Amino acid sequence: MNDTTIVKARFAPAPTGYLHVGGARTALFNWLYVRRNKGKLVLRIEDTDAVRSTEESTKAIFESLKWLGIDWDEGPFFQSGRKEIYRKHAEDLLAKGLAYESDEVKGNHKAIIFKVPESGKVAIQDIIHDKVEFDCSFIKDIVLMKSDGTAAYNFACVVDDCLMGITHVIRGDDHLSNTPKQLLLYKALGFKVPQFAHVPLILGPDASRLSKRHGATSVEHYRKEGYLDKAFVNFLSLLGWAPGDDREKMSIDEIIEAFSLDRIGKKGAIFDLKKLQWLNGVYIREMDVKELCSYCRGYLESLLDTEENKQKYEFVIALVQERLKTFAEVVPLTKFFFAKEIKYGRKAVKKYLLKDGVLDVLDKVLSVIEDADDFSIENLEKAFVALKESLNVSNAKLIHPVRVSITGIAASPPIFETIVAVGKDACIKRIKDAMSFIKSGEFPYELGE
RNA sequence: GACCCCAUCGUCUAGUGGCCUAGGACACAGGGUUUUCAUCCCUGCAACACGGGUUCGACUCCCGUUGGGGUCGCCA
């Protein structure tokens, strides 16, 4: 109507599964757009297909949206409860002679079908794609009401978008070919046409539409894997959109501030897991240790069973903070700090323990550790330096076998910190165990190693 | 197959006719720091799909070709 018309967008998922990352980005773009323009977001659940829609999916979608920090101003509205509204408008079109009833009987009702003109063109003015034209001769008649009495997608969508006052329809590219049909319906119903913005799809590594066969596609999966909500949203916002300067890590407020539909690209964007991991790592490194501790706790719950383990928890988390890409990785990176028994990595054992002279070195190290009354990082380091000099060997010769003996793996936080965190008694036991494993040649290897 | 969309480094992108010998980030490679890994720092690699126009001048505009994708349900 005029400049003061408030912007209103909507996110309209079908509750037929978990929230997919593609849907999440669509929701995010809608949300960013209304927040940027002080508008309103409507959440509408498109559950006209009673067979495929489930309450469980609806719940899952709500939870994922909540995790992403996407909130809405109106709704949720459920299309399943609006049958009569759709029916009324369908009958209107019937009365006007623009639609007809199907004689093909499939259910208890007669389907109502919109008659598409034989010729003519329908032009869409899209914010992202500009003008797109379709020829009516290629468009089939449109089902308005299905013979089960429920409204079909294209119809319910148009009626709702109009009745709910949607000014901007921001949705996936895959709907572009539905749009001419919807445009025809808008005109037949005498509705005002909203602005359209068809955002390109998120693609899998092979450049086809991202789907289950490419691996994990649910938002929930990424939450469980230990990605931070802010990092995930940051990453998603950069898929198909860019602020125009060189910023990569951006806060939600910065993204909102910089967001605009005309900066969205036309090209599909491949979901780059490596970049997500990198960005998540950036967020983790900048995190306060205590905060990181709370994010990681759930993954280690079963190991934090003793007072001693609980006590060293924060110290251990601090040791791996800069090594973490996701919270879930905290398990393989730290379990040896807490576990009673450790498992060994085959390669690490072969490379560092099954070598000449290792038994001798471990025996000497064992004495050093046993004799260390002051079990501090500094003191241990001093003792090791002394040992190294008396044996006339390199640091590496000393440290690698010790690391593998007490952690089971070849990469860990700095050795003295690690020794201290594992604890004197456990270190002594593990070195002794390692020595006997070397002698017997039989190690308790990590499963799959 | 028909209709529609798209096309800058491997990936995400900047670029809206001269500022481009095309910029940044991820990834990758090499080097430095480190006892290992990671971090951090440095360096390198690497792109305007192709062919025609338009123009004094095209990555930027137009046409075509090729390639990729999407849609063709009484699913959404």
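Letters A, B, ... are given to chains in the order of the sequence lines, protein chains preceding strands, and every chain is numbered from 1. No experiment lies behind these values; they were computed from the predicted model shown.
- Between A/His129 and A/His198, the ring planes are tilted. Angles from 30° to 60° get that label.
- Of all nucleotides present, none satisfies the Watson-Crick or G-U wobble test against B/A58 with each distance under 3.5 Å.
- The side chain of A/Glu46 has B/A76 as its nearest neighbour among B/G23, B/C40, B/A76.
- Look at the P atom in both B/G18 and B/U60: the space between them is 12 Å, to the nearest Å.
- In this structure, CZ of A/Arg247 is placed 18 Å from P of B/G24, rounded to the nearest angstrom.
- OP1 or OP2 of B/U39 lies within a sub-4.0 Å distance of a side-chain N or O belonging to A/Lys325.
- Atom CD in A/Glu322 sits roughly 9 Å away from atom C1' in B/C40 (whole-Å rounding).
- A gap of 23 Å separates the C1' atoms of B/G51 and B/C9, to the nearest Å.
- Atom P of B/C6 sits at a distance of 15 Å from the matching atom of B/U13, rounded to the whole Å.
- A distance-only check finds no donor-acceptor pair linking the side chain of A/Tyr100 to the backbone of A/Phe114 [under 3.5 Å].
- Using the six-membered ring where Trp is involved, A/Phe327 and A/Tyr295 have ring planes that are parallel, under 30° apart on the 30 and 60° scheme.
- In this structure, A/Arg346 forms a cation-pi arrangement with A/Tyr445, its terminal cationic atom sitting closer than 6.0 Å to the ring centre and no more than 45° off the ring axis.
- Contact check of residues 95-110 of chain A against RNA chain B (heavy atom, cut-off under 4.0 Å) returns A/Ser102, A/Glu104, A/Lys106.
- Listed by chain and residue number, A/Glu118, A/Asp141 satisfy the salt bridge (charged side-chain N to carboxylate O under 4.0 Å, His left out) test with A/Lys115 (two or more places apart in sequence, or in another chain).
- As a whole-Å value, the separation of A/Leu324 CG from B/C37 C1' is 13 Å.
- Judged by Watson-Crick or G-U wobble contacts below 3.5 Å, the nucleotide B/C20 has no partner.
- In the set B/C74, B/A25, B/C28, B/C74 carries the atom at the smallest distance from any side-chain atom of A/Ala111.
- Within the nucleic acid shown, A/His175 comes within 4.0 Å of at least one base atom, counting heavy atoms only.
- Across all strands shown, the partner of B/A29 is B/U43, judged by Watson-Crick or G-U wobble contacts whose two distances both fall under 3.5 Å.
- In this structure, A/Asn178 reaches the bases: a heavy-atom distance under 4.0 Å links it to at least one base atom across the strands shown.
- Across every non-hydrogen atom of A/Leu324 and A/Leu333, the tightest pair is CD1-CD2, 3.4 Å.
- Residues from residues 208-219 of chain A that place a heavy atom under 4.0 Å from any atom of RNA chain B, listed by number: A/Ser208, A/Arg209.
- With sequence neighbours excluded, the residues satisfying salt bridge (charged side-chain N to carboxylate O under 4.0 Å, His left out) with A/Lys249 are A/Glu286.
- Between A/Phe271 and A/Phe235, the ring planes lie perpendicular to each other; the angle is over 60°, past the 30° to 60° tilted range.
- Classification of the A/Tyr33-A/His168 ring pair by plane angle, with boundaries at 30° and 60°, yields tilted.
- OP1 or OP2 of B/U13 has not a single side-chain nitrogen or oxygen of A/Arg263 nearer than 4.0 Å.
- Among B/G68, B/A76, B/U35, the nucleotide with an atom closest to any side-chain atom of A/Arg403 is B/U35.
- Comparing B/C3 with B/C59, their P atoms sit 32 Å apart, to the nearest whole Å.
- The nucleotide B/A2 finds its pairing partner in B/U71, both defining distances of the Watson-Crick or G-U wobble pair being shorter than 3.5 Å.
- In this pair, A/Tyr344 and A/Phe437 present their aromatic rings perpendicular. The plane angle is above 60°, beyond the 30 to 60° band.
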Contacts under 3.5 angstrom, residues 391-405 of chain A side chains, donor-acceptor by atom type, not counting sequence neighbours:
from, atom 1, to, atom 2, distance (Å)
A/Ser394, OG, A/Lys397, N, 3.2
A/Arg403, NE, A/Ser412, OG, 2.9
A/Ser405, OG, A/Pro401, O, 2.7

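- The aromatic rings of A/Phe29 and A/Phe259 are tilted relative to each other, their planes meeting at an angle between 30° and 60°.
- In this structure, A/Ala14 reaches the sugar-phosphate backbone alone: every heavy-atom distance under 4.0 Å involves primed, P, OP1 or OP2 atoms, never a base.
- Taking the P atom of each, B/U39 and B/A22 are spaced 29 Å apart, rounded to whole Å.
- Atom name C1', nucleotides B/U33 and B/A49: the rounded distance is 43 Å, in whole Å.
- Annotation: of the two residues near RNA chain B, A/Gly244 and A/Phe416, the 5′-most nearest-nucleotide partner is A/Gly244.
- Taking atom C1' on both nucleotides, B/A7 is separated from B/A47 by 12 Å, rounded to a whole Å.
- Under the 3.5 Å distance criterion, the side-chain polar atoms of A/Arg52 are left unmatched by any main-chain donor or acceptor of A/Thr48.
- A side-chain donor-acceptor contact under 3.5 Å links A/His175 and A/Asn178.
- At the heavy-atom level, A/Pro205 lies nowhere under 4.0 Å from the strands shown.
- In this structure, A/Gly240 and A/Pro414 both approach RNA chain B, and ranking their closest nucleotides by distance from the 5' end singles out A/Gly240.
- Backbone-only engagement by A/Leu201 is indicated by non-hydrogen atom pairs under 4.0 Å involving sugar-phosphate atoms exclusively.
- Residue-level contact check: A/Ala410 touches the bases, meaning some heavy atom is under 4.0 Å from a base atom.
- The separation between A/Trp278 atom CH2 and B/U39 atom C1' is 14 Å, rounded to whole Å.
- Distances from the side chain of A/Val143 to the nucleotides B/A76, B/C74, B/A25 place B/C74 closest.
- Under the Watson-Crick and G-U wobble criteria, each requiring two contacts below 3.5 Å, nucleotide B/A7 is paired to B/U66.
- Summarising the geometry, the separation between CZ on A/Phe232 and C1' on B/C12 is reported as 15 Å, rounded to the nearest angstrom.
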Determine, for nucleotides 2-11 of chain B in 5'-to-3' order, which nucleotides have protein heavy atoms under 4.0 Å from the base (write B), from only the sugar-phosphate (write S), or from neither (write -).
SSSSSSS--B
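- In this structure, A/Asn154 atom CG and B/G73 atom P are separated by 12 Å, rounded to whole Å.
- The nearest whole Å value for the distance from the CD1 atom in A/Ile202 to the P atom in B/G70 is 14 Å.
- Taking a pair to require two hydrogen-bonding distances under 3.5 Å in either a Watson-Crick or a G-U wobble arrangement, B/C48 remains unpaired.
- Atom P of B/C19 sits at a distance of 31 Å from the matching atom of B/A27, rounded to the whole Å.
- Not a single donor-acceptor pair under 3.5 Å links the side chain of A/Gln195 to the backbone N or O of A/Asp126.
- Taking atom CG of A/Leu238 as the reference point, atom P of B/G24 lies 17 Å away to the nearest angstrom.
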